Amino acid sequence: MPWNLDDYPASMKNLDQVVRKKAIDIANALVDEGYDDDRAIPIATSQAKEWADDASKEELKSYKHAERPSENDEHDSSARAELLDNDVLVYFEDDEWKVRTKEAKRPDSTHEKKNDAVDRAKEIADNKDTNVIRFTKDGERQD
């Protein structure tokens with residue numbers, strides 16, 4: 001079901017206005033890609049929060065004043081929605097632990113400690129209903 005700022009999932013009620021707007025936009029795009037509402041909503045919420053954490057003040061302000069998401073919006077399918085079904089990798093590279101969705105172009109995050117990287121990977125994988133694949137410092141797959 002497509003949503004807008006007047007009609008959105010109850011789980012988005014307590015989100016900051018800009019984060020809610022972004023989550024609605026992402027959720028609508030996921031539904032357009034064929035995702036069920038029950039799966040699209042938590043993924044969109046997580047991605048919107050992550051986007052807001054990484055966005056500059058200017059980007060947040062610009063998005064706040066951009067057009068409101070609508071139930072009839074067209075969505076760009078180049079967002080690599082196929083990555084939503086991929087497992088999340090934790091590996092060591094360039095003296096830091098990295099968290100990256102398999103086949104993604106760049107890591108989601110980097111960490112000094114492997115435990116922090118694994119925690120972040122679990123959070124992402126839980127939201128996508130995928131698995132975490134861990135590697136040792138020397139690149140061996142860990143069970």
Side-chain angles (χ1 to χ4, degrees), residues 1-137 139 141-142:
M1 170 184 178
W3 300 280
N4 59 44
L5 287 173
D6 298 318
D7 181 23
Y8 51 84
S11 62
M12 294 182 185
K13 177 179 80 171
N14 292 324
L15 295 176
D16 174 82
Q17 180 184 2
V18 174
V19 176
R20 182 184 316 120
K21 183 178 181 181
K22 186 69 168 181
I24 291 167
D25 197 30
I26 294 169
N28 285 342
L30 291 172
V31 169
D32 281 354
E33 291 287 327
Y35 283 82
D36 291 331
D37 293 0
D38 291 344
R39 192 154 176 232
I41 294 167
I43 293 169
T45 300
S46 174
Q47 289 183 354
K49 286 178 181 178
E50 196 174 311
W51 168 82
D53 287 344
D54 294 339
S56 67
K57 288 182 181 180
E58 293 80 25
E59 189 177 3
L60 291 169
K61 184 178 178 181
S62 173
Y63 192 77
K64 181 178 182 177
H65 297 294
E67 277 189 48
R68 295 166 54 109
S70 148
E71 296 173 351
N72 301 320
D73 284 346
E74 296 280 329
H75 294 98
D76 180 10
S77 61
S78 67
R80 303 206 60 202
E82 73 275 8
L83 294 178
L84 293 173
D85 293 326
N86 291 357
D87 291 331
V88 181
L89 309 174
V90 175
Y91 60 96
F92 192 76
E93 183 179 79
D94 300 327
D95 294 324
E96 58 191 358
W97 289 99
K98 298 188 178 189
V99 176
R100 178 177 56 85
T101 296
K102 190 174 183 178
E103 297 182 27
K105 294 178 183 175
R106 58 187 173 90
D108 164 83
S109 57
T110 59
H111 305 268
E112 288 183 24
K113 297 179 182 176
K114 184 175 184 177
N115 287 342
D116 294 338
V118 169
D119 289 345
R120 175 65 182 144
K122 286 179 181 177
E123 179 183 341
I124 294 168
D126 287 346
N127 282 330
K128 299 188 323 171
D129 198 25
T130 60
N131 300 306
V132 174
I133 300 174
R134 295 178 294 161
F135 292 88
T136 62
K137 250 186 179 179
R141 187 172 172 157
Q142 219 176 353

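When reading the values below, keep in mind they use all heavy atoms of this one structure, side chains included, and skip hydrogens, waters and symmetry mates. Please read all numbers here as calculations on a predicted model, not as lab measurements.
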Is there a salt bridge (Lys or Arg N to Asp or Glu O under 4.0 Å) between Lys113 and Asp119 once you walk through the steps? CA-CA 10 Å; Lys113 297 179 182 176; Asp119 289 345; over 6 Å; no

For [X] versus [Y], what's the shortest heavy-atom pair and its separation?
{"X": "Arg20", "Y": "Leu15", "result": "NH2-O, 3.0 Å"}
{"X": "Ala48", "Y": "Ile26", "result": "N-CD1, 3.9 Å"}
{"X": "Glu59", "Y": "Trp51", "result": "OE2-NE1, 3.2 Å"}
{"X": "Trp3", "Y": "Asp7", "result": "CB-O, 3.2 Å"}

Could you check whether any side-chain N or O of Lys49 sits under 3.5 Å from a backbone N or O of Val19, counting only pairs where one atom can act as donor and the other as acceptor? no

Do side-chain atoms of Asp87 reach the backbone of Asn131 as a donor and acceptor pair under 3.5 angstrom? yes

Lys102 and Thr130: side chain donor to acceptor below 3.5 Å: no

Could you walk me through whether Arg39 and Asp129 pass salt bridge (Lys or Arg N to Asp or Glu O under 4.0 Å), step by step? CA-CA 9 Å; Arg39 192 154 176 232; Asp129 198 25; 5.3 Å; no

Please check if the number of heavy atoms outside Asp54 that lie under 6.0 Å from its CG is greater than 12. yes

Any side-chain heavy atom of Ile124 within less than 4.5 Å of one from Arg120? yes

Separation between NZ (Lys114) and CH2 (Trp97), nearest 0.5 Å, reads 4.0 Å

Show, in sequence, the C-alpha distance, side-chain angles and deciding distance for Glu58 and Lys61, and conclude whether the salt bridge (Lys or Arg N to Asp or Glu O under 4.0 Å) test is met. CA-CA 5 Å; Glu58 293 80 25; Lys61 184 178 178 181; over 6 Å; no

